[in-house]
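If you're wondering where the values come from, they're calculated on a predicted model, not measured in any experiment. All values below were derived from every heavy atom in this structure, side-chain atoms included, with hydrogens, water molecules and symmetry-related copies excluded.
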Amino acid sequence: MAGHNFTEVTVFVLSGFATHTELQVSLFLMFLFIYLFTVLGNLGLMMLIRIDSRLHTPMYFFLSHLAFIDIFYSSTVTPKALVNFQSNLRSISFVACFVQMYFFVGLVCSECFLLGSMAYDRYVAICNPLLYSVLMSQKVRNWLGVMPYATGFTNSLISVCVISSLAFCDSSINHFFCDTTAILALPCVDAPSTETVIFVLAGFTLLSSLLIITVTYIAIISAILRIQSAAGRQKAFSTCASHLMGVTIFYGSLIFTYLQPESTSSLTQAQVASVFYTIVIPMLNPLIYSLRNKDVKNALLRVIHRELFP
């Protein structure tokens, strides 16, 4: 780095949405409402799955983990954003920024692979229903539940290590949280090797998890089309419709956010898209997996009835 005069950056400034001062109050109220709904909705779903014995199946085991991830990866971003909307400083320490990045990237990557585990569960339930209890034993279920976290946080640890080792000349992050793409715009010199590592890790996470989901759903759709009765096909499809909707929204927002051309306008669009997948999707998942799920709705009615008429 000869020829570059720089001082060590110890504090970053999260400047995302800072220019829209007239929207600060509205953004604060919107983020606060969505965050509270996210925490209460996902926590309620987790509690319902835990207390109702009829939901103690692999499908709802994975769904409870999805709710857990949604609560915590939203919590890594939203509280700090709420504080920034009410402050003129908008600062975050170097260490806190990379801690936030570590947990956020780890949990998002974990969700990608967890969605793959959920797709495999639906594949076994529809394509091999007679062997479901064997193929989705407690050991297999636990393994499919742990592997997404292990893979996601290993990916995140490598990303944080290679990015935090860079020398930063700019402390202004053009985002409302410590996102990898926004921070990679701040080093004193170009770091193509670091960008390559991040690209490979992100590509591996997105493509491998999406490949698992795609292959399983091709097999699921083929199996559904072979069902003779229309009622049978509808029932089989309804068991995976919520998951397919959640996958489409989640991956669609990720692809829209990170596969855009680098320009000023795309940076603004990326921030808006980031709001969607970091704040809105964790709120939508409890609705997607409960409103379209008869088992969850029936379990909720049973719990309400048990509490009102013990």
Side-chain angles (χ1 to χ4, degrees), residues 38 41-42 44-46 48-49 52-70 110-138 140-141 143-145 147-148 206-256 276-277 280-303:
T38 297
N42 284 287
L45 185 58
M46 291 174 63
L48 183 64
I49 292 171
D52 193 289
S53 59
R54 299 186 189 184
L55 299 183
H56 293 175
T57 63
M59 175 181 175
Y60 296 104
F61 169 80
F62 295 127
L63 185 55
S64 64
H65 276 278
L66 180 64
F68 172 83
I69 289 175
D70 284 340
S110 298
E111 179 158 339
C112 288
F113 290 109
L114 182 63
L115 290 172
S117 296
M118 295 173 72
Y120 176 75
D121 172 67
R122 293 298 83 205
Y123 161 77
V124 176
I126 293 174
C127 298
N128 296 283
L130 299 179
L131 298 176
Y132 183 75
S133 60
V134 176
L135 296 177
M136 290 302 298
S137 64
Q138 184 173 358
V140 174
R141 181 190 68 180
W143 186 83
L144 290 174
M147 284 305 296
L206 287 173
L207 294 179
S208 60
S209 59
L210 196 56
L211 179 63
I212 293 170
I213 295 170
T214 302
V215 171
T216 54
Y217 268 102
I218 290 175
I220 288 171
I221 292 172
S222 298
I224 291 175
L225 293 178
R226 289 196 297 269
I227 298 175
Q228 298 296 325
S229 66
R233 288 195 298 269
Q234 184 177 2
K235 182 180 179 180
F237 182 75
S238 65
T239 63
C240 56
S242 297
H243 177 257
L244 188 58
M245 182 184 299
V247 166
T248 302
I249 295 174
F250 182 73
Y251 279 94
S253 61
L254 283 178
I255 292 171
F256 181 80
F276 192 76
Y277 83 83
V280 177
I281 288 180
M283 177 192 70
L284 292 178
N285 277 339
L287 298 176
I288 292 173
Y289 288 98
S290 59
L291 293 180
R292 296 181 58 86
N293 191 307
K294 291 182 179 180
D295 291 338
V296 173
K297 288 188 288 186
N298 291 336
L300 181 59
L301 292 175
R302 286 194 297 270
V303 170

From [X] [atom1] over to [Y] [atom2], what is the distance, rounded to the nearest 0.5 angstrom?
X    : Y    : atom1 : atom2 : answer
N42  : L66  : CG    : CG    : 7.5 Å
R233 : I224 : CZ    : CD1   : 10.0 Å
C240 : Y123 : SG    : OH    : 13.5 Å
M118 : E111 : CE    : CD    : 9.0 Å
C127 : R226 : SG    : CZ    : 7.0 Å

Is there side-chain contact between [X] and [Y], with heavy atoms separated by less than 4.5 Å?
X    : Y    : answer
Y289 : V296 : no
F68  : M46  : yes
Y251 : I213 : yes
R122 : I220 : yes
D295 : Y60  : yes
F62  : D121 : yes
K297 : L300 : no
L45  : S64  : no

* Are any of the side-chain nitrogens in D52 or R302 under 4.0 Å away from the carboxylate oxygens of its partner? ->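 Salt bridge between D52 and R302, a charged N being under 4.0 Å from a carboxylate O: yes.
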
* Partners meeting side chain to side chain contact (heavy atoms under 4.5 Å, CB included) with L135 (sequence neighbours left out) ->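 In terms of side chain to side chain contact (heavy atoms under 4.5 Å, CB included), with neighbours along the sequence ignored, L135 is linked to V124, N128, L131.
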
* To do: Mind checking side chain to side chain contact (heavy atoms under 4.5 Å, CB included) for Q228 and listing every partner two or more places apart, or none if nothing turns up?
  =>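 Partners of Q228 by the side chain to side chain contact (heavy atoms under 4.5 Å, CB included) criterion come out as none, since no residue qualifies.
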
* Stepwise, does the side-chain contact (heavy atoms from CB on, under 4.5 Å) test hold for C112 with L254? -> CA-CA 10 Å; C112 288; L254 283 178; 4.2 Å; yes

For [X], all residues meeting side-chain hydrogen bond (donor to acceptor under 3.5 Å, both in side chains), sequence neighbours excluded:
X    : value
Y120 : none
S117 : none
N285 : D70
N298 : none

* Asked: Is the F61-H65 ring centre distance short of 6.0 angstrom?
  ->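 Ring-ring flag for F61/H65: true, centres closer than 6.0 Å.
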
* Please confirm whether Y217 and H243 have ring centers closer than 6.0 angstrom. =>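 Judged by ring-centre distance (under 6.0 Å), Y217 and H243 do meet the cut-off.
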
* To do: Given side-chain contact (heavy atoms from CB on, under 4.5 Å), test L115 with I212 step by step and report yes or no.
  => CA-CA 9 Å; L115 290 172; I212 293 170; over 6 Å; no

* Say whether, by atom type as modelled, one donor and one acceptor occur between the side chain of S242 and the main chain of I288 under 3.5 angstrom. =>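 The answer is yes, because a donor-acceptor pair under 3.5 Å joins these two groups.
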
* Asked: Is the number of heavy atoms from other residues, nucleotides or ligands within 6.0 Å of CZ (F250) greater than 12?
  ->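 Counting neighbours around CZ of F250, more than 12 heavy atoms of other residues, nucleotides or ligands fall under 6.0 Å, so yes.
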
